[in-house]
Amino acid sequence: QVQLVESGGGSVQPGGSLRLSCAVADVTLDDYAIGWFRQAPGKGREGLLCISRSGAPGYYVASLQGRFTATRDNAENTVYLQMNGLKVEDAATYYCAAARTSGRNMCPSQANYDSWGRGTQVSVSS
């Protein structure tokens, strides 16, 4: 069982930036692709992007490219989500999730993530 813990959420003004962290425990991070998701109040969960085992990005929402970037530090067993140019509509609870993949460069389909963190809240308002 993969344990994931998100941190780094908070409140920012529109146009601001945040970096979220996803600490992964009890497994070798190199074996897993990590996805970032969010859920706003009253809405369904939305897949945002993935970072493959090799560090290659895959965007589930193409329009986020250029604003949201995922990186990983396998030595620290941590994945990061850098969010720039935040908008009011980006406010949500953000989750990371893990999926074991055979290919190092692949991002799995959203249904294949089977371990989830509890989320960290991001608020964007002026």
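These numbers come from the heavy atoms of this one structure, side chains and all, not from hydrogens, waters or symmetry mates. Position 1 is the first residue of the sequence; numbering continues from there.
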Determine whether Pro57 and Cys50 make a side-chain contact, defined as any pair of heavy atoms from C-beta on separated by less than 4.5 Å.
->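 With C-beta onward as the side chain, the pair stays apart.
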message: Could you tell me if the side chain of Glu76 sits less than 4.5 Å from the side chain of Leu29, heavy atoms only?
response: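 Answer no - side chains too far apart.
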Listed pairs under 3.5 Å, donor-acceptor, residues 4-12 side chains, sequence neighbours left out:
{"residue": "Glu6", "atom": "OE1", "partner": "Arg118", "partner atom": "N", "Å": "3.1"}
{"residue": "Glu6", "atom": "OE1", "partner": "Gly119", "partner atom": "N", "Å": "2.8"}
{"residue": "Glu6", "atom": "OE2", "partner": "Cys96", "partner atom": "N", "Å": "2.9"}
{"residue": "Glu6", "atom": "OE2", "partner": "Gly119", "partner atom": "N", "Å": "3.3"}

Quick check on side chain to side chain contact (heavy atoms under 4.5 Å, CB included): which of Val122, Val61, Leu48 does Arg38 satisfy it with?
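The residue from Val122, Val61, Leu48 that satisfies side chain to side chain contact (heavy atoms under 4.5 Å, CB included) with Arg38 turns out to be Leu48.
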If you round to the nearest 0.5 Å, how far is [atom2] of [Y] from [atom1] of [X]?
X: Leu64; Y: Glu46; atom1: CG; atom2: CD; value: 7.0 Å
X: Arg72; Y: Asn77; atom1: CZ; atom2: CG; value: 9.0 Å
X: Ile34; Y: Ser115; atom1: CD1; atom2: OG; value: 8.5 Å

Quiz prompt | Sidechain-backbone polar pair: Arg45 side chain, Ala40 backbone, donor-acceptor under 3.5 Å | solution =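 Looks like no, no N/O pair under 3.5 Å.
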- Item | Backbone of Gly103 reached by a side-chain donor or acceptor of Thr101 within 3.5 Å |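 Flag set: sc Thr101 to bb Gly103 pair under 3.5 Å.
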Item to check | Trace of the side chain to side chain contact (heavy atoms under 4.5 Å, CB included) decision for Val79 with Ile51 | outcome: CA-CA 8 Å; Val79 174; Ile51 185 164; 3.8 Å; yes
Review point. If you look at every heavy atom in Cys107 and Ala56, which pair is closest and at what distance?
Key: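 Smallest heavy-atom distance, with atoms named: SG-O, 4.3 Å.
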Practice task
Determine the minimum heavy-atom distance between Leu86 and Arg67, stating which atoms define it.
Solution key: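 The pair with the smallest heavy-atom distance is CA-NH1, 3.8 Å.
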Review point. Any salt bridge between Asp114 and Arg100, counting N to O under 4.0 Å?
Key: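 The answer is no: the pair does not qualify as a salt bridge.
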May I have all residue pairs that pass ring pair (Phe, Tyr, Trp, His ring centres under 6.0 Å) and include part of residues 20-71, sequence neighbours excluded?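 Passing the test, one end in residues 20-71: Phe37-Tyr113, Phe37-Trp116.
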* To do: Please answer: with hydrophobic residues joined when any side-chain heavy atoms are less than 4.5 Å apart, are Met83 and Leu49 in the same cluster?
  =>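 Hydrophobic grouping puts Met83 with Leu49.
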- Cut-off 3.5 Å, side chains only: do Asn105 and Ser52 have a donor facing an acceptor?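 Short answer, no.
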Practice prompt. Apply side chain to side chain contact (heavy atoms under 4.5 Å, CB included) to the pair Arg53 and Asn74, showing each step before the final yes or no.
Written response: CA-CA 9 Å; Arg53 293 171 58 197; Asn74 286 351; over 6 Å; no
Verdict with supporting geometry, Tyr80 and Thr69, side chain to side chain contact (heavy atoms under 4.5 Å, CB included) = CA-CA 8 Å; Tyr80 302 96; Thr69 303; over 6 Å; no
All N/O donor-acceptor pairs, side-chain side in residues 13-26, below 3.5 Å, sequence neighbours left out:
{"residue": "Ser17", "atom": "OG", "partner": "Asn84", "partner atom": "OD1", "Å": "3.0"}

